[in-house]
A.B. asks: 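Got a structure here, written out as structure tokens. Questions coming.
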There are 2 protein chains.
Amino acid sequence: MARRGAYAKGVAKREEILTAALEVIAREGYGRASVRELADSVGLSQAGLLHYFGTKEELFAAVLRKRDETDLARVEAGTADVSAFEGFRQTIGRNADVPGLIQLYVRLSAEATDPAHPAHAFFTERTRTFREFVAGDIRRMQADGTARTDIDADQAAMLILASADGLQVQWLMDPTIDMAEHVAVLLRLLEPPTTPADA
Amino acid sequence: MARRGAYAKGVAKREEILTAALEVIAREGYGRASVRELADSVGLSQAGLLHYFGTKEELFAAVLRKRDETDLARVEAGTADVSAFEGFRQTIGRNADVPGLIQLYVRLSAEATDPAHPAHAFFTERTRTFREFVAGDIRRMQADGTARTDIDADQAAMLILASADGLQVQWLMDPTIDMAEHVAVLLRLLEPPTTPADA
DNA sequence: GTCTATATTTCGATAGAC
DNA sequence: GTCTATCGAAATATAGAC
């Protein structure tokens with residue numbers, strides 16, 4: 001199960017770097033997250049850090065990828081009766097505790113809209129996966145009778161994703177707004193008009 | 001009515017610069033929109049351009065401000081029976097013809113989430129105004145019976161704005177999606193559950 | 001694996017002539 | 001009002017020693 005020493009050390013160091021990078025971004029903001037700054041935070045020189053990730057953009061994308069994995073693991077570790085909606089709402093609420101993470105996401109995704117950006121593929125794939133996941137959940141809820149059937153599931157999923165993304169920008173501008181609550185409003189709009197009796 | 005010569009020329013030149021700046025951003029993307037690049041596009045040196053706007057950020061904010069004015073004037077020039085919703089939807093559809101404008105908006109707003117950013121105030125004020133405008137419209141529609149009354153107007157307005165912002169990012173990643181159509185889905189969710197008879 | 005040192009580039013801004 | 005020239009800062013990436 002254990003990898004060979006040298007290799008395992010490299011993997012562990014990578015993880016350490018990613019964790020420290022997220023911390024410094026959270027603490028000092030995306031603007032100061034130069035490779036040198038991130039290297040300092042983990043006790044490496046700039047060149048030492050780039051030995052692990054090659055480029056700045058790869059490092060940033062790796063930070064987000066790791067965070068996605070963490071989020072996904074947490075949602076999957078939750079009780080099975082938690083809908084994707086609820087897991088989604090919880091994740092948003094948790095992320096609101098990490099301003100730097102949201103800032104990283106918002107700013108990197110904005111830059112990665114350029115097809116030539118190194119993280120472009122990461123974001124398009126991430127969005128596609130997420131959208132399909134949410135759409136599947138909505139279809140199940142439509143079959144259940146717990147979601148409106150007059151709205152296309154794919155379109156609803158797109159709306160939820162887009163709202164969450166947009167709310168993150170709004171929240172960065174004004175951190176007093178409650179992202180999870182606003183998303184909850186949208187989710188409520190997707191409920192069937194006539195309140196179904198429970199069970 | 002006409003200003004004095006010299007002053008009018010300065011204003012006209014400013015307008016010319018803003019128009020040309022938007023064109024080059026639209027054509028070559030935000031990433032290449034350095035002051036030097038924008039100056040070239042209008043036949044000025046870098047220093048010559050900065051004579052008019054002082055800093056790069058002021059220039060960018062001015063481009064967006066000008067666009068807002070254009071959009072607002074167009075909406076107001078429309079027939080009076082056009083709701084804010086419809087004007088909103090039309091504006092989104094029109095903006096989809098100008099990728100560089102969306103890119104400018106998405107990337108600059110992401111950067112301006114930093115309170116220290118020169119364009120921060122511009123975006124917060126813009127959002128506040130827009131949100132109040134849309135919320136007022138929703139309240140009127142709720143009184144009309146053309147919008148659900150079980151949703152808070154301010155929250156609905158926030159959702160609409162956030163969705164539009166988020167959809168812009170999605171659209172930059174994949175320009176085949178129809179932003180206006182997706183927003184229309186959200187607007188439909190805000191209609192009263194029981195279809196009201198017309199007139 | 002990690003560091004020092006540096007190459008290279010790019011950018012925004014300013015000074016000063018015309 | 002516009003240009004040339006240049007400053008100064010910052011960043012990424014690379015080369016090569018240890």
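The chains referred to below are lettered A, B, ... by the order of the sequence lines, with proteins before strands, and numbering in each begins at 1. Quick caveat: nothing in here was measured; it's all calculated off a predicted structure.
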A.B. asks: Identify which nucleotide among C:dA5, D:dA13, D:dC3 has an atom closest to any side-chain atom of B:Ser45, counting heavy atoms from C-beta outward.
C.D. replies: D:dC3
A.B. asks: Salt bridge check: are A:Asp68 and A:Arg65 linked by an N-O gap of less than 4.0 Å?
C.D. replies: no
A.B. asks: Just the rounded figure in Å: distance from C1' of C:dT14 to CZ of B:Phe53.
C.D. replies: 19 Å
A.B. asks: Mapping A:Arg36 and A:Gly43 onto DNA chain C by nearest heavy atom, which one lands closer to the 5' end?
C.D. replies: A:Gly43
A.B. asks: Using whole Å, report how far CD of A:Glu58 lies from C1' of D:dT12.
C.D. replies: 13 Å
A.B. asks: How close or far is atom P of D:dC3 from atom CG of B:Leu50, stated in whole angstroms?
C.D. replies: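 Rounded to the whole Å, the gap is 12 Å.
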A.B. asks: Examine the base of D:dA13 for any acceptor or donor lying under 3.5 Å from a partner atom in the side chain of A:Gln46, and report the outcome as yes or no.
C.D. replies: yes
A.B. asks: Centre-to-centre under 6.0 Å for A:Phe88 and A:Phe130, is that the case here?
C.D. replies: yes
A.B. asks: When the distance from CG of A:Leu59 to P of D:dA11 is rounded to whole Å, what number comes out?
C.D. replies: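 Spelled out: CG on A:Leu59 to P on D:dA11 is 15 Å.
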A.B. asks: Nearest to the B:Lys9 side chain among C:dA5, C:dA13, D:dG1, which nucleotide is it?
C.D. replies: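 Closest of the options to the side chain of B:Lys9: D:dG1.
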A.B. asks: Taking C-beta and beyond as the side chain, do A:Leu189 and B:Leu190 meet within less than 4.5 Å on heavy atoms?
C.D. replies: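 In contact.
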A.B. asks: From the options D:dG1, D:dT12, C:dT14, select the nucleotide whose nearest atom is closest to the side chain of A:Ser34.
C.D. replies: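 Per side-chain heavy atoms of A:Ser34, the pick is D:dT12.
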A.B. asks: Measure CG/B:Leu44 against C1'/C:dG12 and give the value in whole Å, please.
C.D. replies: 16 Å
A.B. asks: Is the gap between the ring centers of A:Tyr105 and A:Phe60 under 6.0 Å?
C.D. replies: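 Not under 6.0 Å, so no.
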A.B. asks: To the nearest Å, give me how far apart CD (A:Glu111) and P (D:dT12) are.
C.D. replies: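 In whole Å, D:dT12 P lies 11 Å from A:Glu111 CD.
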A.B. asks: Heavy atoms from C-beta onward define the side chain here; which of C:dC3, C:dG12, D:dT12 lies closest to that of B:Lys56?
C.D. replies: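 When the side chain of B:Lys56 is considered, C:dG12 is the closest of C:dC3, C:dG12, D:dT12.
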A.B. asks: Between atom NE2 in B:His51 and atom C1' in C:dC18, what is the gap in whole Å?
C.D. replies: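 Spelled out: NE2 on B:His51 to C1' on C:dC18 is 15 Å.
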A.B. asks: Whole angstrom is fine here: how far is it from CD in B:Glu37 over to P in C:dC11?
C.D. replies: 8 Å
A.B. asks: If you pin B:Ala47 and A:Gly54 to their nearest nucleotides in DNA chain D, which one's is more 5'?
C.D. replies: B:Ala47
A.B. asks: Can any side-chain N or O of A:Thr146 pair as donor or acceptor with the backbone N or O of A:Met141 at less than 3.5 Å?
C.D. replies: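 At least one qualifying donor-acceptor pair exists.
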